[in-house]
Structure formats: structure tokens, C-alpha cells
Amino acid sequence: MNESLLFYALAVPAVILLGLSKGGFVGIGALALPILALAIPPVQAAAILLPILIAQDVVGIWAFRKDWDGHVLAWMLPGSVIGIALGWFLAARVSESAVMGVVGAISILFGGYRLWADRGGAIAAPTRSPGWVGTLFGVASGFTSQVAHAGGPPFQIWVLPRRLPRDVLVGTTAIFFAVTNWLKVPAYWALGQFSRENMLAAATLLPVAIASTLAGVWLVRRVSPALFYTAIYLLMVLVGVKLVWDGVA
């Protein structure tokens, strides 16, 4: 009973962050898995969150189904497949503690990068870098997405300098991560994580995700984004440190 209470005490805010991310607070959803990994093994946490992400992707795909960049997708998605395979290999071959440490490290890097970027820092590929560079960033995005559902920064580093029109950027991002999330399904299936228990937990949390997505659409116009994002990314770094400590310990 105590384990169940701890799980939902962390799962509900984690899924709320996912919903707020889809509702307009881009990037904060990367904190969801590190938070949930404080209660359960990170691979199990990722498997529970995956069906929720797939359900949320439907909205983005439908809204921007006509606006996307085929060049970006053609180069990055093959890399994403490789990255997902590497993430699966990591989870299948190393200990739970090692995976927890990797999730923590990704959380620290993601949060630190966002704090730095929000203060004017930037890492960007050249505006017209060749397609194979995009494939390499696709590998990085697929790997971090498979391990921690945090594939955003590698994707953005290659895509944002291309200065795509707004709707094309949003649509390309939505399609890339929707396809990537579906590509992760066989990997988590092979890891034995689509158990009845995990899928029931995902189904229980789905209404929270939908409600928080709608809330995000409403809140994004009413909350100071600077303070909100700073607090979220600092928390991401702190949670990452905790996971790395637990993994090492």
C-alpha cells in the first residue's frame, strides 16, 4: 500500500508535467520520467508513460498533419531507429542501477542545457549542415528518448538553425516524436514492460494527462514563463543528481 501511494504521489505530478508540456510549456515533460523513477525502476516508468505519450501525440499529428518537412524526417528518423536500438541494448544488458544513473545524467544535462540556453547560450549545427549530421543527431535523440523520453535537445540542435516556418517546425516535431514513440513500442515489448499492471497504471493516469494538456493551453497565456521554466529545470537537475547518486550507491 505504501509503495502504491508513493507511486501515485509521484506519477500524478509527472503526468501533469507531460500534459502541460503538450499544452504549451514545451520541454518540461522531460522531468516526468526522472520524477517517476524515484518510485519505480526507470525502464518500468518509461513503459508506463509511453502509451500516454502516444495518446497525446494524436492531437499534434492531427493539428499539423499538412505542415512538415520531409527532408528533416528522412534524415533524422533512421538515426532515431539506431538510437532506440542502443537504448534498448543498454536497458537489456546493464543493471537497473546503471540505467537509473544514465537517466539521472540525461536529466542533469537536459536541465543544465535549458537553463543555459534560456540565458542566451546556444549550441547549433550550421544552418545548412549535411543530412548525415541530422542522422547523428537523430541517433542522439532516439537514444535519449528511449532511455528517458527526453529526445528534444538533440532534435532542436539540428532542426532549429534551419529556420523552418512555425507551423512546419511544430508539425515536423510532432511527427518525428510520434513516429519515434511508436518505434519504441517493440523495444519496451522486448523488455517485457507491457505487463497488465503497467498498462492499467497508464490507463489510470491517462485522464490526468488529458486534463493537464487542456490546462496547459489555458495556463501558458497566464503564467510567467521565465520563473516557471527556471524552477522546472532546476528541479530537473536536482532530481537528476538524486538518481545518479542512487545509481552509484
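Quick note: residue numbers are just sequence positions, from 1.
- Taking CG from L49 and CG from L53, the interatomic distance works out to 6.5 Å, rounded to the nearest 0.5 Å.
- Across I52 and A209, no two heavy atoms sit closer than the pair CG2-CB, 3.5 Å.
- Of all heavy-atom pairs between Q156 and P161, the closest is O-CD, 3.7 Å.
- Atom CG of L36 and atom CG of L17 lie 11.0 Å apart (nearest 0.5 Å).
- Both W182 and I48 sit in one connected hydrophobic cluster of ILVMFWY residues. Membership requires side-chain heavy atoms under 4.5 Å apart, directly or through other members.
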Derivation of the side chain to side chain contact (heavy atoms under 4.5 Å, CB included) call for M76 and T135
CA-CA 5 Å; M76 293 201 77; T135 301; over 6 Å; no

Step by step, would you call L160 with L169 a side chain to side chain contact (heavy atoms under 4.5 Å, CB included)?
CA-CA 8 Å; L160 291 184; L169 173 62; 3.7 Å; yes

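- A continuous path of ILVMFWY side-chain contacts below 4.5 Å connects I106 to F89, so both sit in one hydrophobic cluster.
- The shortest distance between side-chain heavy atoms of P154 and T144 falls below 4.5 Å.
- V185 and V58 are not part of a single hydrophobic cluster, where members link through side-chain heavy atoms under 4.5 Å apart.
- Partners of Y188 by ring pair (Phe, Tyr, Trp, His ring centres under 6.0 Å), not counting sequence neighbours: none found.
- S95 places a side-chain N or O within 3.5 Å of a backbone atom of A98 that can act as its donor or acceptor partner.
- Looking at every heavy atom in both residues, V99 comes nearest to A91 through CG2-CA, 4.0 Å.
- Among all heavy-atom pairs drawn from G171 and W68, the shortest one is C-CB, 4.3 Å.
- No side-chain heavy atom of L6 sits less than 4.5 Å from a side-chain heavy atom of L38.
- A donor-acceptor pair is defined here as one N or O able to donate and one able to accept, closer than 3.5 Å; no such pair exists between the side chain of H149 and the backbone of A30.
- Tracing side-chain contacts under 4.5 Å through hydrophobic residues (I, L, V, M, F, W, Y), one reaches L20 starting from L234; they form part of the same cluster.
- Minimum heavy-atom separation, T180 to S80: OG1-OG, 3.1 Å.
- Distance check: L235 CG to T230 OG1 gives 12.5 Å after rounding to the nearest 0.5 Å.
- Considering only heavy atoms from C-beta on, V94 stays 4.5 Å or farther from V102 through its side chain.
- Listed by chain and residue number, nothing satisfies the salt bridge (Lys or Arg N to Asp or Glu O under 4.0 Å) test with D67 (two or more places apart in sequence, or in another chain).
- Rounded to the nearest 0.5 Å, atoms CG (L33) and CG (L18) are 9.0 Å apart.
- For F137 and F155, the ring centers sit 6.0 Å or farther from each other.
- Under the 4.5 Å side-chain criterion, counting only non-hydrogen atoms from C-beta, E96 is not in contact with V43.
- Under the 4.5 Å side-chain criterion, counting only non-hydrogen atoms from C-beta, W75 is not in contact with V133.
- In this structure, I16 CD1 and L31 CG are separated by 12.0 Å, a value rounded to the nearest 0.5 Å.
- Nearest heavy atoms, Q44 versus N198: NE2-OD1, 2.9 Å.
- Residue pairs meeting the salt bridge (Lys or Arg N to Asp or Glu O under 4.0 Å) criterion with at least one partner in residues 229-249, sequence neighbours excluded, are K242-D246.
- Put simply, the side chain of F177 reaches to within 4.5 Å of the side chain of S141, judged on heavy atoms.
- Taken together through direct or relayed side-chain contacts under 4.5 Å among Ile, Leu, Val, Met, Phe, Trp and Tyr, I84 and L73 form part of one hydrophobic cluster.
- A search for ring pair (Phe, Tyr, Trp, His ring centres under 6.0 Å) contacts involving F143 returns nothing, not counting sequence neighbours.
- Going from atom CD1 of I54 over to atom CG of L206 covers 11.5 Å, rounded to the nearest 0.5 Å.
- For the pair F194/L50, a side-chain contact is recorded, criterion being any heavy-atom separation below 4.5 Å from C-beta on.
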Criterion side chain to side chain contact (heavy atoms under 4.5 Å, CB included) on T204 and Y8, from CA distance to verdict:
CA-CA 10 Å; T204 302; Y8 282 103; 4.1 Å; yes

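- For the pair V159/D69, no side-chain contact is recorded, criterion being any heavy-atom separation below 4.5 Å from C-beta on.
- Y233 meets the ring pair (Phe, Tyr, Trp, His ring centres under 6.0 Å) test with Y229; sequence neighbours excluded.
- Residues forming a side chain to side chain donor-acceptor pair (under 3.5 Å) with S145 (at least two apart in sequence, or on another chain): K184.
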